[in-house]
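Structure, as structure tokens:
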Amino acid sequence: MIMQQPPFRDPAVPLPDRIDDVLRRLTLEEKVGLLHQYQAPVERLGIGAFRTGTEALHGLAWLGPATVFPQAVGLASTWDRDLVRRVGEATGNEVLAFHHKDPAGAGLNVWAPVVNPLRDPRWGRNEEGYSEDPWLTSVLAAAYARGLCGLDRHRGSAPAILRTAPTLKHFLGYNNETDRCTTSSNLPPRVLHEYELPAFRAPIEEGVAVAVMPSYNLVNGRPAHLSPLIGQVLRAWAPDDLLVVSDAYAPGNLIAPQAYHDTLPEAYAHAVKAGLDSFTQDDDRAEATLGHLRAALAQGLLAEADVDAAVRHALSIRFRLGEFDPATPYDDVNDNVVNCPEHQALAREAARRSFVLLANDGLLPLRDVTRIAVIGQLGDALMEDWYSGTLPYAVTARAGLAERCETVFCEAVDRVTLTAESGPIAADPAGGPLGVGERAGLFDLFDWGGGAYALRSVTTGRFVSVDGVTLVNDQPGPNGWEVRQTFRMEERPRGTLALRHISTGCYVGAADDGVLCLVDDADQAVWLAMDVVRSGTEEAARLAGQADVAVVVAGDHPLVNGRETEDRMTLALAPAQGAVVRAVRAANPRTVLVLTSGYPLTWTARDLPAVLWSAHGGQEYGHALAEVLFGDADPEGRLTQTWYRSEQELPDLLDYDIIASDATYQYFRGVPLHPFGHGLSYTTFDYAGLRVRLADDDVLEAEATVTNTGPRPGVEVVQFYTHQQRSRVKQPLRRLRGFEKVRLEPGESRTVTLRLPVAELAFWDVTRSRFVVEHAPHQLMVGRSATDLRLSARFEVAGESVPPQRGPLRASCHDEYDAITFVDETRVDGDAVRSDAEGAWILFRQVDLTGRTRCVARAGSTEGGVITLRRGDPLYGPPLATFPVPRTARYGYHSVEAWLEDAGGVQDLYVVFENEGVTLAGIDFGAGA
């Protein structure tokens, strides 16, 4: 007898019906079991286990050797959608190969790409993102996700089967590691809708990102995992079911340290109702999480319908991955694709095309070179970052250049001895403890910037680390989630120093037997004399003077001085590395500085003949560097971030209001070290013939002709920007609207075009909480970067005028503010504002108070307070009304009424908070009785 398969096993049945069929067959207990990262199997239905979360940011990570591509910020510097898509496709196939070998160890829900706009380069995770521009971020993220998910492959009229299920990280307003679980990102409505949300939109709307991960932080006072925007915005964009997975251990944060709910059943119920479908909590130990969800159901905090909605989203991804189909288009993918020759070639291409030529006086491309001095801490090393794969092999700068000509190498680090009062410090030849010995051990001192140093024993070639509390020398370098191989140096009397372990904050002391160990008390720290026995700077200068060209490879270590859980305080190149650059430049005027970093850097040597930058470039870095230095390829990369002259030009790290703080290339009024979009070529380009017109279908059409005016082939990234010249609100100085990458032979010209829907020129109107296109003149600019704009043309848009406001006025929808924090109006939904100081204010422009004689404020304060309405100025403007705000609970609001004095006509209205800690939800106006 042939058993008929259930409808959910039949690919011909519409997907919603297949999901409905499974839901009808599952018990409530079985449904609850699907809400954890490690979804429980349902053996009676033949449904296996499923796990969310395989890291695949720039190649498959954490599961063993696999192809390692350049970091995400490096991939972005290619400005090449197709290349980024192909890297995603290669990564997706390698994920599949690992999954077919070990389904439990390599899941098909991949946690990539990261789409947080790179608002501040001090963010510890800068290397994980694409750009400070949200539109460019969304374009490149959609390309990478498209490659990961493989939606270019269909099965006739049936829905496409996903190669993998990409997950966008991290929703929302997440650019700081400092206290990331307790800080709240202030996002005024315009910043939210014009800057933060657009980065997520294209990958979701195009259906190539099928999941989202909320961030650890709070947004406007509410944990991101409880954001109503998950349902109101993200799921409204998605063409299919969207899976929402928590970040690791984030659900537990809802009671501590965030203290948003008192109990986990309350917190987890709120999370599910807000849109969370999968709890990444307690690793593979799901029982505690499931117990809290069962308790929430038993207490009436959750209904089965809430669970059904979450389970639907989770099952949808599994169906679209083909789990319940008899076969998928990817069943034949196997180990042969992992680090295959095609992927190696792609890694090389991606690395080569990501290099950005920051400066060049004609030294590059290299010619007539027989001997190169390769110098620097990164000259013969490749670094893995936290989300990188395991390098299957490593072509360093030294190795890549050695294939082209004679090379000499100098790591350019000081070799030192350390001596305590009781004797010299020696390293155990077997890699064991450090302690006082009969003879001084030799150590190489690495400066990674930000005051972070690492020591490598010359005897063992291994780095000093901490095992428990004992100092040992057994590590290949800084590594791991908790980096235990870096120290700070603190001055002590008589030219000595104390070492402070960065990870623990403890000092290096000595046990009774002389073994170095960690101590809590600074007074117990060992005072060490550090003597330089060989100067890395002097050795570098000597070798540089004997070479035709010196190539200094400098930069950061991805796990030191900025990474996940750690922001950086400075953008400066490490002082010791900077000294090497200056000494080498003095010894050899033909010096190339090659910067390798996951974030913008600053340096003090300003007269360098040539400077190249790339992110950490993966396994083929050295080959790619050689091809660019010797001119086999034109440097194609362009910056996707502003390179500031100093961190002093940046606002506070926690200031997310890019509009008010003049942040990013859109609003920055200074002169950067290198602008957004910058990158030189080995040839020159001319721009001519810009033509602009508004087509009948409300599309702006523009074209310009670009000509290679130099002697060799080259690559140009033609960038289009707009600026609205008159507006009710502060507009960006420039905003990227499109780009085209062109390859031109000498003398060749090409016409590049832009088609921009006029609707894209809209800004968020806080008075009506929607996007609006104003009637206004605009300028279209085209050129090589955000500040190197070669042509411009004016055009007029026949939009609308924003009318005066008549109320009610939502406090969060103001025009300007001072000393204000955005807070959650209720635990579930809505934003309000709270005063941070006496005299704090918010401004509503053009409020029409004609015929208004009274107003009602909805406000509260745990201590009580006073609000004053003033006309025209927060200090000296005539007062129109005063509200006493009574004491209330945290989410308690009173409707307080006041009469308006002399309030006729349209005017700018300041709401002034006379006390700290007053919360305002809104104000409404009316006529007197």
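By convention here, the first residue in the shown sequence is residue 1.
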If I take atom [atom1] from residue [X] and atom [atom2] from residue [Y], how far apart are they, to the nearest 0.5 angstrom?
{"X": "R563", "Y": "R125", "atom1": "CZ", "atom2": "CZ", "result": "9.5 Å"}
{"X": "L136", "Y": "Q641", "atom1": "CG", "atom2": "CD", "result": "11.0 Å"}
{"X": "S769", "Y": "W764", "atom1": "OG", "atom2": "CH2", "result": "6.0 Å"}

One thing to verify: whether [Y] and [X] come together as a salt bridge, which I'm taking to mean a side-chain N less than 4.0 angstrom from a carboxylate O.
{"X": "D82", "Y": "R86", "result": "yes"}
{"X": "D21", "Y": "R18", "result": "no"}
{"X": "E196", "Y": "R119", "result": "no"}
{"X": "E177", "Y": "R568", "result": "no"}

Pi-cation contact, Y260 with R827 (under 6.0 Å, within 45°):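 Here R827 passes the 6.0 Å and 45° test against Y260.
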[X] side-chain N/O to [Y] backbone N/O, donor-acceptor pair under 3.5 Å:
{"X": "H261", "Y": "T263", "result": "no"}
{"X": "S138", "Y": "R201", "result": "no"}
{"X": "T164", "Y": "N109", "result": "no"}

Over all atoms of both residues, closest heavy-atom pair of D247 and P214: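 The answer is CB-O, 3.8 Å.
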Worked verdict on R25 versus E30 for salt bridge (charged side-chain N to carboxylate O under 4.0 Å, His left out): CA-CA 10 Å; R25 296 170 186 271; E30 289 167 341; over 6 Å; no
N116 versus H170, side-chain donor and acceptor atoms under 3.5 Å: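 Note: H170 and N116 side chains meet the donor-acceptor criterion.
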